[in-house]
Amino acid sequence: MRIGIKLQELFKRYQNAFIHYDINEVSNCYHLPCTLNTPDKIVFLSSQSDCHEEFSTIFTQLKEAKTSNVIAKKASFEQVSKQLYLVCIDWDFIDGQGQVFAEFTAIYHVLDNDDTLRIINVISHELDSSLTLTESLDW
């Protein structure tokens, strides 16, 4: 299967997990250990319980904002090595009134381990830090 399709499937699952507040599914998208980086903090997740705790907090915030949709506006990727891919996605989080309440770019490091793709690092930034990588990722 073409790598672009495999990456698209991973991030469609990821997007769907956020829309449905599915902690188990979002956790399955990550390789452990991994890191989550925002301008405010760096989180190291080394176990399923770490993952569940962190995403439970994130999902509580999204529920409080009455998130109705999560939209990938732009996505691209680039192969870094035989097993490592860089993926950049610009996200919009939509509230219950259909308004964008959060927009940002996320840069993911994705590991291909025996044909299983999982995120090992994510860095979230303001949209002006968005990258356009060599391959477009169709949404």
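For clarity, every value in this text was computed on a predicted model and none was experimentally measured.
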[X] (side chain) donor-acceptor with [Y] (main chain) under 3.5 angstrom:
{"X": "Asn28", "Y": "Asn24", "value": "yes"}
{"X": "Asp112", "Y": "Leu117", "value": "no"}
{"X": "Gln8", "Y": "Leu137", "value": "no"}

Single-linkage hydrophobic cluster [X]~[Y], side-chain heavy atoms < 4.5 angstrom:
{"X": "Leu86", "Y": "Val122", "result": "no"}
{"X": "Ile120", "Y": "Leu7", "result": "no"}
{"X": "Leu10", "Y": "Ile3", "result": "yes"}
{"X": "Ile107", "Y": "Leu133", "result": "yes"}
{"X": "Tyr85", "Y": "Leu131", "result": "no"}

Quick one: are [X] and [Y] in side-chain contact, heavy atoms under 4.5 Å?
{"X": "Lys73", "Y": "Glu103", "answer": "yes"}
{"X": "Glu25", "Y": "Asn16", "answer": "no"}
{"X": "Ile119", "Y": "His31", "answer": "no"}

Check each of Ile19, Ile94, Asp95 against Ser68 using the side-chain contact (heavy atoms from CB on, under 4.5 Å) test, and report the only one that passes.
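The single option meeting the side-chain contact (heavy atoms from CB on, under 4.5 Å) with Ser68 is Ile94.
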Working to the nearest 0.5 angstrom, can you tell me the gap between [X] [atom1] and [Y] [atom2]?
{"X": "Ser27", "Y": "Gln48", "atom1": "OG", "atom2": "CD", "result": "5.0 Å"}
{"X": "Asn121", "Y": "Leu111", "atom1": "CG", "atom2": "CG", "result": "11.5 Å"}
{"X": "Glu54", "Y": "Ser49", "atom1": "CD", "atom2": "OG", "result": "12.0 Å"}
{"X": "His52", "Y": "Thr57", "atom1": "NE2", "atom2": "OG1", "result": "12.5 Å"}
{"X": "Lys6", "Y": "Glu9", "atom1": "NZ", "atom2": "CD", "result": "9.0 Å"}

Which atom of [X] lies closest to which atom of [Y], heavy atoms considered:
{"X": "Ser46", "Y": "Leu32", "answer": "O-CB, 4.2 Å"}
{"X": "Gln15", "Y": "Ala72", "answer": "NE2-N, 3.8 Å"}
{"X": "Leu62", "Y": "Thr67", "answer": "O-OG1, 2.8 Å"}
{"X": "Asn37", "Y": "Thr35", "answer": "ND2-OG1, 3.7 Å"}
{"X": "Cys88", "Y": "Ser130", "answer": "SG-OG, 4.0 Å"}
{"X": "Ile123", "Y": "His125", "answer": "CG2-NE2, 3.1 Å"}

Is the ring pair Trp91/Tyr14 parallel, tilted or perpendicular, if the boundaries are 30 and 60 degrees?
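Tilted.
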Whether Tyr30 and Phe55 hold their rings parallel, tilted or perpendicular, with breakpoints at 30° and 60°:
tilted
So for atom NZ, which belongs to Lys66, do other residues, nucleotides or ligands contribute more than 12 heavy atoms lying within a distance under 6.0 Å?
no
Report, as yes or no, whether the 6.0 Å neighbourhood of atom CD on Glu53 holds more than 12 heavy atoms from other residues, nucleotides or ligands.
no
Does the separation of the ring centres of Phe104 and Phe93 fall below 6.0 angstrom?
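They qualify: ring centres under 6.0 Å apart.
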Taking Phe11 as the fixed residue, which of Phe77, Phe18, Tyr108 is the one that meets the ring-ring contact (aromatic ring centres under 6.0 Å, His included) rule?
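Result: among Phe77, Phe18, Tyr108, Tyr108 is the only option passing the ring-ring contact (aromatic ring centres under 6.0 Å, His included) with Phe11.
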Kindly determine whether Glu135 and Arg2 satisfy salt bridge (charged side-chain N to carboxylate O under 4.0 Å, His left out), including the steps that lead there.
CA-CA 12 Å; Glu135 303 276 341; Arg2 223 178 96 240; 5.5 Å; no
Between the side chains of Lys74 and Thr105, does any donor sit under 3.5 Å from an acceptor?
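No, Thr105 and Lys74 have no side-chain donor paired with an acceptor closer than 3.5 Å.
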